[in-house]
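Hydrogens, waters and symmetry mates play no part in the numbers below; they use all other heavy atoms, side chains included. The shown structure was predicted, so the numbers you read here are calculated from the model rather than taken from an experiment. Chain letters run A, B, ... following the sequence lines, proteins first and then strands; every chain starts at 1.
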Amino acid sequence: MGFYKLLFTYYLYRMTRRVRVRFAPSPTGPLHIGGVRTALYNYLYAKKHNGDFILRIEDTDQNRLVPGAEQYIIEALKWMDIRPNEGVAFGDGPYAPYRQSDRKDSYRQYAEQLIKSGFAYYAFDTEEELEQLKAVNQNAKYDAATRLQMKNSLTLSEQEVEDRLNKKEHYVIRIKLPENEDVRFHDEIRGIVVVNTVQMDDKVLLKSDGMPTYHLANVCDDYIMQISHVIRGEEWLPSAPLHVLLYRYLGWEQVMPKFAHLPLLLKPDGNGKLSKRDGDRLGFPVFPLEWTDPKTHEISSGYREKGYLPEAVLNMLVFLGWNPGGTQEIFSKEELINLFSLEQIHKAGAKFDFEKAKWFNAEYIKKLSNNKLADLVKADIEKKFGHIATDYLSNVCGLVKERLVFLSDLSNNYGYLFKSPEIYDETVLSKVRSIKDGLPLDDLIQALINGSENDTIAIENKLKDFAVANSLKTGDLMKFIRAALVGELSGPTIPELILLLGRETSARRIENCFSQL
RNA sequence: GGCCCGUUCGUCUAGGGGUUAGGACAGGAGAUUUUCAUUCUUCAAACACGGGUUCGAUUCCCGUACGGGCUACCA
């Protein structure tokens with residue numbers, strides 16, 4: 001009876017277990033857009049189940065630390081509004097600290113526990129000796145077949161091991177894998193995965209500098225922090241069996257988190273996973289924020305600086321590897337939280353499509369209110385053109401909103417809405433010069449300034465009438481006015497432009513342009 | 001090389017034992033716009049291949065090919 005009660009309690013526990021997921025990046029550089037997606041999926045899953053989303057910094061490789069990388073990760077998550085509710089920089093929960101280097105001392109006991117229970121051992125091999133192993137046989141691994149030829153606590157006498165440890169000789173702790181055993185586990189996305197231990201090797205758990213490797217630190221922290229689901233990139237799938245064994249040998253298998261290995265983000269062209277280089281090569285960002293390499297000072301562009309809305313990036317990203325079914329593509333974060341599920345995550349990698357990213361951004365800009373858009377571009381505009389009245393900027397936004405792909409397009413392509421063209425471009429002038437002899441400039445200016453029409457149709461009609469009355473082709477007149485107002489031959493409709501710029505300003509531009517014909 | 005994972009239009013994907021295999025991006029054509037952009041209409045475009053199972057397979061199974069990942073005292 002006791003057994004069944006235990007079993008029941010166990011299942012009840014599994015069923016009611018609080019969802020706790022984590023995003024655990026390594027601060028070895030700027031957070032890649034694929035990493036952002038991993039964070040996003042974790043976030044959505046946590047929110048969907050009213051669980052916790054934790055940020056844990058995995059900085060166990062002291063050699064690869066990059067200054068500023070941790071701060072970058074935090075800023076990127078904030079910009080994307082993918083906020084952990086627990087973890088580094090987001091408020092300590094019950095399991096602080098959340099930076100693995102700050103938890104360094106906590107891992108050794110588990111490695112030693114494994115030694116005591118016979119699932120791990122000390123290894124004293126030098127770099128040369130390890131190279132030697134490979135030299136003999138390219139495919140040789142540190143495993144059941146070879147470990148008895150190596151210098152470790154399985155081959156050395158107890159006394160010698162003791163001596164070496166006392167002398168503070170460099171050593172690592174390695175897991176001792178069974179020789180030939182199928183390790184099987186369930187992946188929420190891929191189903192049952194089986195790997196035999198002959199394919200694996202005795203991975204280092206504790207490094208000679210006293211730091212744990214990813215495998216140990218990850219398993220210990222996930223256990224201690226009561227992580228319920230490990231949602232991470234597919235690159236971890238091959239080492240998942242090792243982690244399963246670690247949970248088992250540490251006696252934690254009953255509370256082992258569920259695994260979900262995400263498909264990778266692939267290069268838009270060619271093959272392989274998306275990397276930093278691809279962005280530089282193809283001219284689109286692979287990072288959420290701009291990043292300057294502290295060593296080389298090389299700058300990598302970011303979505304934020306490029307003029308993307310974080311909501312658009314998020315919406316674009318969520319569909320690279322997941323789809324709720326149906327044909328809707330624009331979703332708010334709340335809708336995504338509602339719809340998200342692990343079952344609908346794909347198995348195959350997704351090629352990153354920059355054109356689609358642009359489309360999402362344009363859609364999100366179009367949805368913005370004029371005031372909100374004005375708010376977002378104000379700093380950029382004023383940096384370039386000086387102070388601009390808020391009302392005016394808001395009107396500008398209303399006029400050009402549907403023509404923008406990036407926020408930065410406004411200051412880059414519509415400068416004439418903030419500053420009059422002074423010297424007109426000859427290629428533009430040459431296309432409207434034919435009007436010079438037949439246009440009564442003063443009459444046009446008078447008609448414009450004295451007009452009181454305040455809707456676009458009335459202005460358009462007035463200009464058309466003016467053309468007819470002066471035997472001008474409407475098209476020629478319009479083209480000239482556009483050139484004068486804009487400095488180019490494309491843009492919003494002329495009545496809209498006149499209304500926005502004002503009659504005085506428009507008249508001055510026309511006079512100025514005419515004088516240059 | 002070995003192991004693991006995968007494969008629907010160019011790309012992201014929906015679907016799923018019987019469908020005209022649907023949508024979106026990009027591309028073509030057209031309409032609207034005096035221009036450009038938007039918007040609208042429209043066209044083209046896919047189940048990797050070979051075997052099974054089945055009355056029937058793009059869907060299930062097995063192979064092959066191809067792609068991806070891993071193979072460190074990196075994560």
Side-chain angles (χ1 to χ4, degrees), chain A residues 24-29 58-64 100 123 125-127 130 134 138-139 141-142 170-174 187 189-191 193-196 198-201 203-215 217-218 232-241 261 263-264 266-273 316 319-330 344 346-360 362-363 366 400-405 409 413 431 460 463-464 467 473-479 481-483 486 488-494:
Chain A
S26 202
T28 54
E58 310 223 327
D59 58 346
T60 52
D61 185 351
Q62 298 294 299
N63 301 317
R64 292 208 311 155
Q100 288 184 329
D125 313 273
T126 63
E127 218 171 299
L130 290 171
K134 293 264 176 195
Q138 260 288 303
N139 295 323
K141 306 189 302 291
Y142 207 119
H170 281 308
Y171 67 90
V172 299
I173 295 178
R174 286 179 182 272
D187 184 277
I189 295 169
R190 286 151 218 286
V193 177
V194 187
V195 180
N196 191 287
V198 289
Q199 309 299 341
M200 301 159 63
D201 63 348
K203 280 267 179 292
V204 170
L205 301 177
L206 199 76
K207 299 185 273 190
S208 56
D209 65 358
M211 276 288 189
T213 57
Y214 171 86
H215 308 294
N218 197 260
R232 78 230 298 190
E234 194 186 358
E235 70 268 26
W236 292 109
L237 193 54
S239 49
H261 290 93
L264 265 15
L266 272 18
K267 295 178 196 296
D269 62 343
N271 313 313
K273 63 174 171 176
M316 175 270 292
F319 281 108
L320 258 23
W322 172 83
N323 192 294
T327 57
Q328 188 181 340
E329 294 199 89
I330 305 287
Q344 285 159 309
H346 305 148
K347 296 179 169 76
K351 282 189 182 167
F352 186 84
D353 182 4
F354 190 50
E355 289 303 325
K356 192 86 181 219
K358 292 198 318 205
W359 175 78
F360 270 112
E363 290 299 309
K366 268 179 255 176
V400 301
K401 195 156 66 173
E402 68 206 17
R403 318 168 87 91
L404 304 179
V405 173
D409 285 348
N413 305 339
K431 291 199 174 116
E460 186 176 340
L463 289 173
K464 279 179 178 164
K473 274 197 233 160
T474 310
D476 287 350
L477 178 65
M478 295 297 196
K479 217 198 272 184
I481 297 177
R482 159 163 287 105
V486 174
E488 287 167 38
L489 267 6
S490 65
T493 68
I494 286 161

Which whole-number value in Å describes the distance from [X] [atom1] to [N] [atom2]?
| X | N | atom1 | atom2 | answer |
| --- | --- | --- | --- | --- |
| A/Met211 | B/A72 | CE | C1' | 17 Å |
| A/Met478 | B/U33 | CE | C1' | 12 Å |
| A/Lys351 | B/U13 | NZ | C1' | 15 Å |
| A/Leu477 | B/U35 | CG | P | 15 Å |
| A/His346 | B/U8 | NE2 | C1' | 11 Å |
| A/Asn139 | B/A72 | CG | P | 11 Å |
| A/Asn323 | B/C12 | CG | P | 13 Å |
| A/Phe354 | B/A24 | CZ | C1' | 18 Å |

With a 4.0 Å cut-off on heavy atoms, is [X] in touch with a base, just the backbone sugar-phosphate, or nothing at all?
| X | value |
| --- | --- |
| A/Glu460 | sugar-phosphate |
| A/Gly321 | sugar-phosphate |
| A/Lys431 | nothing |
| A/Lys366 | sugar-phosphate |
| A/Lys273 | sugar-phosphate |
| A/Val194 | sugar-phosphate |
| A/Leu237 | sugar-phosphate |

Legend entry - Sidechain N-carboxylate O distance under 4.0 Å for A/Asp61, A/Arg64: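 Answer for the salt bridge query: yes.
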Look through every strand shown and name the nucleotide pairing with [N] as Watson-Crick or G-U wobble, where both distances are under 3.5 Å.
| N | value |
| --- | --- |
| B/U42 | B/G28 |
| B/A37 | none |
| B/G16 | none |
| B/C66 | B/G6 |
| B/A57 | none |
| B/G1 | B/U71 |

Side chain of [X] only, please: which of [options] is the nearest?
| X | options | value |
| --- | --- | --- |
| A/Val195 | B/C5, B/U13, B/C3 | B/C3 |
| A/Phe319 | B/A37, B/G23, B/C12 | B/C12 |
| A/Lys347 | B/C3, B/G6, B/C25 | B/G6 |
| A/Leu266 | B/U34, B/C5, B/G68 | B/G68 |
| A/Trp359 | B/A24, B/C3, B/U13 | B/A24 |
| A/Glu402 | B/U13, B/U38, B/C5 | B/U38 |
| A/Arg190 | B/C25, B/G6, B/C4 | B/G6 |
| A/Leu264 | B/G68, B/U11, B/C12 | B/G68 |
| A/Ile494 | B/U34, B/G68, B/U11 | B/U34 |

Do you know the tightest heavy-atom contact between [X] and [Y]?
| X | Y | result |
| --- | --- | --- |
| A/Val195 | A/Gln199 | CG1-CB, 4.3 Å |
| A/Lys351 | A/Lys267 | CG-O, 3.4 Å |
| A/Thr60 | A/Tyr214 | OG1-N, 4.4 Å |
| A/Asp187 | A/Val193 | CB-CG2, 4.4 Å |
| A/Trp359 | A/Glu329 | CH2-OE2, 4.1 Å |

Using the [atom1] atoms only, state how far [M] lies from [N], rounded to an integer number of Å.
| N | M | atom1 | answer |
| --- | --- | --- | --- |
| B/A48 | B/U8 | P | 6 Å |
| B/G22 | B/C3 | C1' | 38 Å |
| B/G63 | B/U7 | C1' | 15 Å |
| B/A21 | B/U58 | P | 12 Å |
| B/U38 | B/U20 | C1' | 32 Å |
| B/A44 | B/G30 | C1' | 15 Å |
| B/C9 | B/C49 | P | 10 Å |
| B/U19 | B/U59 | P | 14 Å |

Inset, instruction - Take A/Asp125 and A/Tyr142 through the side chain to side chain contact (heavy atoms under 4.5 Å, CB included) test and state the conclusion after the steps. - result: CA-CA 11 Å; A/Asp125 313 273; A/Tyr142 207 119; 2.6 Å; yes
Inset, instruction - Would you please classify the geometry between the A/Phe319 ring and the A/Phe360 ring as parallel, tilted or perpendicular, with 30° and 60° separating the classes? - result: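 The arrangement is parallel - the two ring planes meet at less than 30°.
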Legend entry - Short side-chain N/O contact to B/U13 OP1/OP2 from A/Lys356, under 4.0 Å: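 No, A/Lys356 has no side-chain N/O under 4.0 Å of OP1/OP2 on B/U13.
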Legend entry - A/Lys358 side chain near B/A26 phosphate (N/O to OP1/OP2, under 4.0 Å): no
Could you go over nucleotides 73-75 of chain B and give all protein N or O partners under 3.5 Å, atom names and distances?
residue, atom, partner, partner atom, Å
B/C73, OP2, A/Arg174, NH2, 3.4
B/C73, O2, A/Ser208, N, 2.8
B/C73, O2, A/Ser208, OG, 2.7
B/C73, N3, A/Ser208, OG, 3.0
B/C74, OP2, A/Lys207, NZ, 3.1
B/C74, O2', A/Asp61, OD2, 3.0
B/C74, O2', A/Arg64, NE, 3.2
B/C74, O2', A/Arg64, NH2, 3.2
B/C74, O2, A/Arg64, NH2, 3.4
B/A75, OP1, A/Thr60, OG1, 2.9
B/A75, OP1, A/Lys207, NZ, 2.7
B/A75, OP2, A/Tyr214, N, 3.2
B/A75, O2', A/Ser26, OG, 3.4

Inset, instruction - Report yes if a donor N or O on one partner sits less than 3.5 Å from an acceptor N or O on the other, where the partners are the side chain of A/Lys203 and the base of B/A72; otherwise report no. - result: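 It does not, because no donor-acceptor pair links the side chain of A/Lys203 to the base of B/A72 below 3.5 Å.
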Legend entry - Heavy-atom side-chain contact between A/Glu234 and A/Arg190 under 4.5 Å: yes
Inset, instruction - Please tell me if the side chains of A/Lys207 and A/Thr213 come closer than 4.5 Å, counting only heavy atoms from C-beta onward. - result: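 A/Lys207 vs A/Thr213: side chains touch.
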Inset, instruction - Say whether, by atom type as modelled, one donor and one acceptor occur between the side chain of A/Ser26 and the main chain of A/Glu58 under 3.5 angstrom. - result: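 Checked: pair present.
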Inset, instruction - Please tell me which of A/Thr493 and A/Glu329 maps to the more 5' nucleotide of RNA chain B, matching each residue to the nucleotide holding its nearest heavy atom. - result: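 Comparing both residues, the 5'-ward one is A/Glu329.
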